[in-house]
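A short write-up of the structure that comes next.
Values reported hereafter were calculated over all heavy atoms of this structure, with side chains retained and with hydrogens, waters and symmetry mates removed.
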Amino acid sequence: LGIDAPKAIVGFERTEGRFVPKHDGVVICEAFSESLLLAAEALVEEKRREQQDALVKKARGLWQVLLTALRTKETLEQRWGTGE
């Protein structure tokens with residue numbers, strides 16, 4: 001996006017007997033806030049879509065395993081009987 005964003009100092013932590021700044025987040029110019037929020041929303045939506053695609057892929061794989069097992073069971077029962 002080409003937006004300058006320095007780290008935000010949100011407080012100080014005591015480390016080895018001295019205080020050091022605690023960084024968390026960034027500071028941006030208010031003029032860029034809307035474009036940054038739109039970009040963040042697009043990234044969140046893309047990640048959600050990727051997770052949904054992965055879930056669908058996993059479900060398809062599980063269905064394939066189930067159907068293969070049922071076909072194998074049916075073939076064995078036809079060839080060798082029900083085992084009773």
Side-chain angles (χ1 to χ4, degrees):
L1 295 173
I3 299 173
D4 289 333
K7 292 181 181 178
I9 297 176
V10 295
F12 293 90
E13 296 176 325
R14 189 177 184 119
T15 304
E16 297 178 5
R18 60 189 183 107
F19 290 98
V20 294
K22 180 179 179 184
H23 296 96
D24 188 25
V26 293
V27 177
I28 61 164
C29 179
E30 191 173 341
F32 297 120
S33 64
E34 188 173 334
S35 62
L36 187 61
L37 288 174
L38 290 174
E41 288 174 9
L43 289 173
V44 168
E45 179 61 27
E46 181 180 338
K47 184 170 179 88
R48 187 200 62 77
R49 206 173 311 121
E50 287 174 358
Q51 289 174 338
Q52 181 67 25
D53 291 346
L55 186 63
V56 167
K57 183 177 179 181
K58 183 177 180 179
R60 285 182 181 157
L62 292 173
W63 274 107
Q64 184 177 4
V65 168
L66 175 64
L67 293 175
T68 302
L70 290 174
R71 276 191 235 120
T72 302
K73 180 181 175 185
E74 184 177 331
T75 301
L76 290 173
E77 285 179 352
Q78 287 176 356
R79 183 175 290 168
W80 303 101
T82 58
E84 295 175 0

What donor-acceptor contacts under 3.5 angstrom involve side-chain atoms of residues 7-35, with partners at least two apart or in another chain?
from  : atom 1 : to    : atom 2 : distance (Å)
Ser33 : OG     : Glu30 : O      : 2.8
Ser35 : OG     : Phe32 : O      : 3.0

Flag side-chain contact, heavy atom, 4.5 Å: Thr68 against Arg71: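 Yes; the side chains approach each other to less than 4.5 Å.
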Which atom pairs, donor and acceptor, lie under 3.5 Å between side-chain atoms of residues 60-67 and protein residues at least two apart or in another chain?
none

Qualifying side-chain hydrogen bond (donor to acceptor under 3.5 Å, both in side chains) pairs, either residue in residues 44-54, two or more places apart: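 Non-adjacent pairs meeting side-chain hydrogen bond (donor to acceptor under 3.5 Å, both in side chains): Glu45-Arg48.
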